[in-house]
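So you know, we letter chains A, B, ... as the sequences are listed, proteins then strands, and number each from 1.
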2 protein chains.
Amino acid sequence: MTNPLVQKLSSFVDLDEEDVSRVESLCYDVRRFKAKRNLIREGDRPEVVFLLLEGWACRYKVLPNGTRHIMAYLLPGDLCDVHVFILKEMDHSLALLSDAKVAVIPKQKMLGLIEQRPKLARALWWATLVDEAILREWLVNMGKRPAYDRVAHLFVELYLRLRAVGLAPDHSFDLLATQADLGDTLGITSVHMNRTLQKLKGEGLIQSAQGRLRIPDIQRLKNVTRFEENYLHLNRRTA
Amino acid sequence: MTNPLVQKLSSFVDLDEEDVSRVESLCYDVRRFKAKRNLIREGDRPEVVFLLLEGWACRYKVLPNGTRHIMAYLLPGDLCDVHVFILKEMDHSLALLSDAKVAVIPKQKMLGLIEQRPKLARALWWATLVDEAILREWLVNMGKRPAYDRVAHLFVELYLRLRAVGLAPDHSFDLLATQADLGDTLGITSVHMNRTLQKLKGEGLIQSAQGRLRIPDIQRLKNVTRFEENYLHLNRRTA
DNA sequence: CGATAGTTTGATATCCTTCAAAACCTGTGG
DNA sequence: CCACAGGTTTTGAAGGATATCAAACTATCG
């Protein structure tokens, strides 16, 4: 059972033994939390970085009218806010969507790593840029696609990201978000989310049982939403 | 007439003379382009950084069905893709919305500056993080607000950003985007954009004449959309 | 003064929301 | 092992926001 961050970064650069052990040593303070727990809140000043090892988390904002909008999913191997120390305070919150195992990394440790291991620094940069690219793609998803296509798009993305850290064997993965969570992510109500899921199931594009989502034919689901994989920058070889 | 990037960064850190002249020296290759020109296209490999000096530009993607979605506005003083060299290729395009004056900065020059001037590096970091924060806020804007509020939100943001570089005197600024551009930004048709603008004018929340937008009472417009300024991180003092 | 890009208008169709209630799970304590 | 509690999913009916299509109008610029 490899470290998911090692696995993720390996899809971008070749890590040597020293790199791997440095990354693994980031995880000396590992904690288990229950679903719904906040990791950091809007207004807080970040002092640590979180690395998700198991479970899902999300970035979100709560609007004045009380509704919540989710702006990102953090999956195993995802590191949050590597560089956020520069800002005075968080403009959004981070919470767990499921029970989770999280490594808590002190800011100094993180900065040290970046300074001493240029190759890792580069790989972390890559991860940060991909996060931003995902944000842009989500914006397009919300702006230009109807609910049905939007859901399809999100599922394909989740599948690809989870597969990159070995968590989507057999064309399926554990869906650790509720329909309400998904709705808050895609800007639709949970009611409409539900009906949309039923439609996708009806078409045989997805299957689900006890919280596990199966995508029998990825290509078909990609076609629904005209999924373009380039924004995930998963294809090796760079500079 | 100060350099807009100097002006922008100054709202985050105090720059000394050397910093200022270093930033200014980035602009030794300044070009004028006509509206609609692409600066860089999806699939290209970035080799230079652009700094907008006058006019507006945008990041956008074109979907398979031919429609365009705008994911960011670049205003004077905005630098694009300071760190993008890490990625293999662009996952979106950059184009001018208006006639513009642009400084073209070679990658090496940019990297050198970051290496030699930590304070500037930090300030550029800040700018990058703010860009990302804007992206998140836009996502919320699209996901959770009706068209009317969305437009109000965008206008308040543009006003604040332009004011930060001295381009919004007298509660007004040049609106260098068409209604179709605005629609493509907010995920609504240009038809609906038009009707929404009429409503905002009708309520006296905005005024416009020969391409200049006036916001007689910012606070009122902010109230419409419950605008929370924190995501722009304009308030000084950090570490 | 004509050409072209941008704005405005009207009528109709559709997607999605809202509100409310019922049905379904899953874990917990008796 | 059953029963209950709380969260989650599912269903229905009706209303509202926004899209679509097509055409007219208005600027602006060479």
May I ask you to say what A:Gly183 touches in the nucleic acid, namely base, sugar-phosphate or nothing, with a heavy-atom cut-off under 4.0 Å?
-> nothing
Euclidean distance, atom OH of residue A:Tyr148 to atom P of C:dC16 [Å, nearest integer] = 12 Å
Length of the CD-P vector between B:Gln210 and D:dT26, whole Å | 18 Å
Side chain to side chain donor-acceptor pair (under 3.5 Å) assessment of B:Gln7 paired with B:Thr2 | CA-CA 7 Å; B:Gln7 216 169 137; B:Thr2 24; 3.2 Å; yes
Assign each of B:Thr196 and B:Val191 the nucleotide of DNA chain D bearing its closest heavy atom; nearer the 5' end lies the nucleotide of B:Thr196
Nearest-angstrom distance from the residue atom NZ of B:Lys199 to P of C:dT9 | 15 Å
Once you round it to whole Å, what is the distance between C1' of C:dT18 and CG of A:Asn65?
-> 14 Å
Take atom CG of B:Leu182 and atom P of C:dT8, then tell me their distance rounded to the nearest Å.
-> 12 Å
Start with the C-alpha gap between B:Leu175 and B:Phe155, add the side-chain angles, then the distance that decides, and say whether side-chain contact (heavy atoms from CB on, under 4.5 Å) holds.
-> CA-CA 9 Å; B:Leu175 183 60; B:Phe155 283 164; 4.2 Å; yes
Does B:Thr189 have a side-chain nitrogen or oxygen under 4.0 Å from the phosphate oxygens OP1 or OP2 of D:dT18?
-> no
A:His192 vs B:Thr178, nearer the 5' end of DNA chain C by closest nucleotide = B:Thr178
Find the distance B:Ile188:CD1 to C:dC15:P and express it as a whole number of Å.
-> 19 Å
Any chance CZ of B:Arg212 has more than 12 other-residue heavy atoms, nucleotides or ligands included, within less than 6.0 Å?
-> yes
Is B:Asp149 salt-bridged to B:Lys144, going by a charged N under 4.0 Å from an acidic O?
-> no
D:dT18, C:dC16, D:dT10: which one has an atom nearest the side-chain heavy atoms of B:Arg150?
-> D:dT18
Does B:Gln198 have a side-chain nitrogen or oxygen under 4.0 Å from the phosphate oxygens OP1 or OP2 of C:dT7?
-> no
Would you mind reading off the distance between A:Arg212 atom CZ and C:dC25 atom C1', rounded to a whole angstrom?
-> 19 Å
Rounded to whole angstrom units, what separation is found between the CG atom of A:Leu176 and the P atom of D:dG7?
-> 19 Å
Nearest listed nucleotide, side chain of B:Arg195, among C:dT8, C:dG10, C:dT18 | C:dG10
Can you check whether B:Lys36 has a side-chain N or O nearer than 4.0 Å to OP1 or OP2 of C:dG6?
-> yes
Check the surroundings of atom CZ in A:Arg226: do more than 12 heavy atoms from other residues, nucleotides or ligands lie under 6.0 Å from it?
-> no
Is any side-chain N or O of B:Asn194 closer than 4.0 Å to OP1 or OP2 of C:dT7?
-> no
